[in-house]
Structure formats: C-alpha cells, structure tokens
Peer 1: 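Before anything else, here's the structure in question.
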There are 2 protein chains.
Amino acid sequence: MQHLTPAGVKVLQTASRLFYERGIRAVGVEAIAEEAGVTKKTLYDRFGSKDDLIVAYLRARDGLWRSTLVKYVNGHDGPPAEKILATFGALREWTRERNLRGCAFINASVELPEDHPGREVARDQKAWLLAYLEGLAAQARVEDPAGLAAQVLILHEGACVADSMRSMDRAVDRAEQVAAVLIERSLPG
Amino acid sequence: MQHLTPAGVKVLQTASRLFYERGIRAVGVEAIAEEAGVTKKTLYDRFGSKDDLIVAYLRARDGLWRSTLVKYVNGHDGPPAEKILATFGALREWTRERNLRGCAFINASVELPEDHPGREVARDQKAWLLAYLEGLAAQARVEDPAGLAAQVLILHEGACVADSMRSMDRAVDRAEQVAAVLIERSLPG
DNA sequence: CCAACGCTACACCCAGCGGTATAGTTACAA
DNA sequence: TTGTAACTATACCGCTGGGTGTAGCGTTGG
C-alpha cells in the first residue's frame with residue numbers, strides 16, 4: 001500500500017470494506033469512488049480496472065491476515081503444540097473484528113469466475129495457511145504433520161463458515177476443541 | 001416440481017445447473033431462458049421473478065440433498081454411531097457427482113444480500129442438518145449429542161470448502177477420520 | 001519557470017441486466 | 001364451439017454496470 005498515492009489508498013480501503021461487507025459483484029466502481037470521495041477517473045488511473053482492484057483488495061487482506069496470524073502465534077509462548085491451538089485464537093479475534101461475513105477468500109472463490117486472477121490469490125492464501133500449519137505441526141513433533149495440518153485447515157474453514165452462516169454459536173471454540181483432541185492423540189507417548 | 005408445467009421444469013433444471021456452475025449473480029434470466037429453449041415470457045409466467053426462481057432453485061436442491069442423505073444413511077446398517085460416519089459417505093458421493101463448486105447454500109449466502117429470501121432457505125438447510133446430526137448422535141448415545149453434532153457440522157462445512165477450493169485431496173475422508181475420533185471418544189465406556 | 005503529476009468535475013458510451021407488452025399459435029377441455 | 005392455458009416470437013423499457021475522454025486546477029521538483 002506504500003507505493004500508492006493518498007487517493008489510491010483511500011480507494012483501496014473503501015473498496016476493501018465494501019467488497020467484503022456487500023460482496024464483490026454487488027459493489028460497483030461508481031459506489032466505491034463516491035464513498036471514497038474520489039472520482040471514477042482517479043480510481044481507474046490508480047488501478048486500471050475493477051478486476052485489478054479486486055486483486056489488490058485480496059492481496060492486501062491476505063497480507064493483513066498472514067501478519068496478524070503470525071504475530072498472534074509468535075506472541076503465544078508455550079509448547080509448540082499449543083501454537084497450533086493459538087491459530088484458533090487468532091481466528092477468533094479476526095472473526096470478531098472484521099470477519100462477520102466469513103472468509104473473504106472463500107467468498108471471492110464463490111463470486112469470481114474460474115479464470116479470474118483473484119482466485120489464484122485465494123488459493124495461494126489457503127496453500128500458505130496449510131504450509132504454515134504443517135510447519136507448526138512439525139515443530140510440535142506430531143506423527144503426521146501434513147495430515148494434522150490438513151485436518152486443522154478443515155476445522156478452520158468449517159468454523160469460519162458455520163460462524164458466518166450463524167449455524168451455531170462459538171463455532172471457533174468448538175473447532176479448537178476438536179483440534180486439541182487431534183493434537184493430543186497424535187503426540188507420541 | 002410436480003405442480004410445474006413442462007416448460008417450467010425445463011427452466012428450473014437449467015437454472016439450477018447454471019446457478020450452481022457459474023454462480024447466481026453471474027447468470028442472467030436471458031441465458032437461462034435461451035439454454036432452456038424457452039422464452040423469457042414463459043420463465044416469468046412460471047416463476048414471477050429471478051428472485052423467486054432463485055428460491056425455487058435452492059428449495060429444490062435442498063430437497064434433493066436431504067433425501068439423498070437420509071436414503072444413504074438409512075441404507076447403511078450398523079450401529080448408530082456409524083450412521084454419523086455414513087453422512088460423510090453421502091457427502092463424498094454428492095461431492096463427486098454434483099458438488100464440484102462447493103455447497104450451493106454456502107455459495108448462495110455469499111452471493112445474496114442479507115434480506116434475500118434465498119438466504120433463509122440456506123439457513124434452514126443448515127439448521128436441518130444440524131438437527132439431523134443431533135438425532136443420530138442421540139441415537140448413538142454419545143455424551144453430548146448437540147455438541148458432537150455441531151462439531152460434525154463444522155467438519156462437513158470444512159470438508160466441502162477445502163474440497164471445492166482444492167486446498168487438499170481427500171478432504172471428505174480426512175473430515176470423516178476426525179469425526180471417527182470424536183465419536184470414539186464421546187462413547188461411554 | 002515550467003512540466004509532470006495527482007487530482008476534480010462532468011459528460012459520455014455501450015452492453016447487459018431484470019422485467020414488460022403485444023400478438024399469435026397449439027392443444028385440450030367444457 | 002368456444003375458451004383458456006401454455007407456449008413462441010419479438011420488440012421494447014429504464015437502469016446500472018464497467019470504462020473512456022476532455023478540460024482544468026493545484027502542488028511539487030528539476
């Protein structure tokens with residue numbers, strides 16, 4: 001976001017909020033420009049097209065979530081196994097603050113066509129998370145780090161969806177409890 | 001679907017396919033009518049509006065999934081605890097055949113605005129599934145049927161999302177394995 | 001000093017959207 | 001026989017979408 005002009009920053013912030021809150025397809029460039037207090041011309045001068053703005057939005061959110069997660073996990077001292085559980089703490093916090101409409105990357109994958117570059121950003125985000133979890137699992141010396149990481153990712157996704165659809169309360173807590181069981185079982189001894 | 005005219009059936013079938021494959025917002029009524037080999041007039045005579053057609057689509061798919069799931073579970077003899085695991089078998093089958101783009105109800109919740117009647121159908125679908133799982137859990141005499149049902153629902157959602165985003169292979173199998181662990185643990189003795 | 005940049009204001013384009021209206025055809029039932 | 005339900009064909013409507021073009025203004029830096 002540093003290489004952007006002030007108006008560009010304002011556009012990206014506004015677009016991020018609107019895309020997430022109302023959905024990507026439901027928000028027009030007109031609305032973004034207006035709400036950002038900026039001309040459509042400026043928006044197009046900075047981002048070129050709505051598609052590029054979408055990609056910028058997803059990338060920005062990806063970066064924010066990654067740094068939030070890593071910071072949260074690193075700030076959580078204790079045995080490595082607990083770091084995996086800490087990812088649910090990060091998810092819980094994230095969910096409460098800016099995740100009322102579920103995971104932005106899942107949503108983007110639903111809204112965007114197969115060949116849209118934004119979908120690659122979404123897939124990368126998930127691949128990164130899976131690899132990150134596997135790293136934590138390896139540190140924790142569990143039997144099958146890759147397998148556990150996959151299971152934990154499923155729990156993350158499920159909690160996120162169940163939460164945003166209001167299928168139940170405390171979805172993240174429940175997912176974390178399941179993860180705790182899995183970790184306990186896969187620890188040697 | 002019985003009270004519909006032949007053309008109405010064709011429209012609903014076509015709309016269901018296109019809505020699911022390309023997304024609800026991405027498909028116009030024009031395209032639906034054309035692909036169904038029907039006039040726009042006919043479409044509107046039968047369904048009134050695109051919104052109503054969306055609701056009809058979701059209801060139809062809901063009914064199909066419910067009957068598929070129940071049939072699969074009932075056709076699966078064995079102890080009640082295994083019936084819970086059988087829901088993953090149904091999900092696996094469903095996923096392979098007509099679920100390549102994930103759960104239609106999650107997708108609808110992402111695509112539709114907050115006050116759209118289609119979202120209620122989606123929420124009902126999840127509420128029904130949760131209740132159904134809780135019934136199976138109660139039959140299986142687990143400690144906390146409601147808690148287990150919620151955890152299993154999270155696993156279903158997570159598997160569905162992880163599968164459609166291609167975050168990993170065999171997502172449903174992995175989710176089922178987790179469920180097996182949970183059931184084993186929550187069985188008395 | 002002047003050019004380049006970032007920006008505003010505003011007008012415009014075209015395609016596609018959801019939805020409607022009119023007129024006519026077929027088939028079947030009272 | 002007459003009416004009605006189901007359907008086709010086609011033209012149309014207003015709105016909004018993404019995107020462009022032109023002109024002008026203020027700031028900044030070589």
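Quick note on labels: first sequence line is chain A, next is B, and so on, each numbered from 1. Quick caveat, the model's predicted, so the values are computed rather than measured.
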Peer 1: Within this structure, what is the CD1-to-C1' distance between I54(B) and dG18(C), rounded to whole angstrom?
Peer 2: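 Answer to the nearest Å: 11 Å.
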Peer 1: Measure CG/D45(B) against C1'/dG19(C) and give the value in whole Å, please.
Peer 2: 12 Å
Peer 1: I want to check one thing: is the phosphate of dG17(D), taken as OP1 and OP2, less than 4.0 Å away from some side-chain N or O of R25(A)?
Peer 2: no
Peer 1: Of I24(B) and G37(A), whose nearest nucleotide on DNA chain C comes first from the 5' end?
Peer 2: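 Mapping each residue to its closest nucleotide by heavy atoms, the 5'-most match is G37(A).
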Peer 1: For the atom pair OG (S16(B)) and CG (L58(B)), what is the distance rounded to the nearest 0.5 Å?
Peer 2: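 Output value for this atom pair is 8.5 Å.
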Peer 1: So, the side chain of S67(B) versus the backbone of G63(B): is there a donor-acceptor pair under 3.5 Å, distance only?
Peer 2: yes
Peer 1: Is the charged tip of R101(A) near the ring of Y20(A): under 6.0 Å from the six-membered ring centre and within 45° of its axis?
Peer 2: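 Cation-pi check for R101(A) and Y20(A): fails.
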Peer 1: How many whole angstroms separate atom CG of L43(B) from atom P of dT8(D)?
Peer 2: 11 Å
Peer 1: dC5(C) C1' sits how many Å from L4(A) CG, rounded?
Peer 2: 15 Å
Peer 1: N/O contacts under 3.5 Å, protein versus nucleotides 10-15 of chain C?
Peer 2:
none

Peer 1: State which of dC7(D), dG18(D), dC7(C) makes the closest approach to the side chain of K50(A).
Peer 2: dG18(D)
Peer 1: What's the shortest heavy-atom distance between R61(B) and F105(B), and which atoms?
Peer 2: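 Looking at all heavy atoms of both residues, the shortest contact is C-CZ, 3.9 Å.
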Peer 1: Check the pair R92(B) / E176(B) against salt bridge (Lys or Arg N to Asp or Glu O under 4.0 Å), numbers first and verdict last.
Peer 2: CA-CA 10 Å; R92(B) 189 159 34 229; E176(B) 182 176 2; 3.0 Å; yes
Peer 1: Rounded to the nearest Å, what distance is computed from the CZ atom of residue R46(A) to the P atom of nucleotide dC5(C)?
Peer 2: 10 Å
Peer 1: Looking at every non-hydrogen atom in both residues, tell me the closest pair between I154(A) and A162(B) and how far apart they are.
Peer 2: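 That closest heavy-atom pairing would be CG1-CB, 4.2 Å.
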Peer 1: Does T5(A) place a side-chain N or O at less than 4.0 Å from the phosphate oxygens OP1/OP2 of dC5(C)?
Peer 2: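 No, T5(A) has no side-chain N/O under 4.0 Å of OP1/OP2 on dC5(C).
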Peer 1: L18(A) CG to dG17(D) C1': how many Å, rounded?
Peer 2: 16 Å
Peer 1: If I take atom CG in residue L53(B) and atom C1' in nucleotide dG19(C), what distance separates them, rounded to the nearest angstrom?
Peer 2: 14 Å
Peer 1: dG18(C) P sits how many Å from L112(B) CG, rounded?
Peer 2: 13 Å
Peer 1: Of the nucleotides dC7(D), dG19(D), dT8(C), which has the atom closest to the Y44(A) side chain?
Peer 2: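 My answer, after comparing the listed nucleotides, is dG19(D).
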Peer 1: Is V11(B) touching bases, backbone alone, or none of the nucleic acid, heavy atoms closer than 4.0 Å?
Peer 2: nothing
Peer 1: Enter the distance from S186(A):OG to R141(A):CZ here, rounded to the nearest 0.5 Å.
Peer 2: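 It comes to 13.5 Å.
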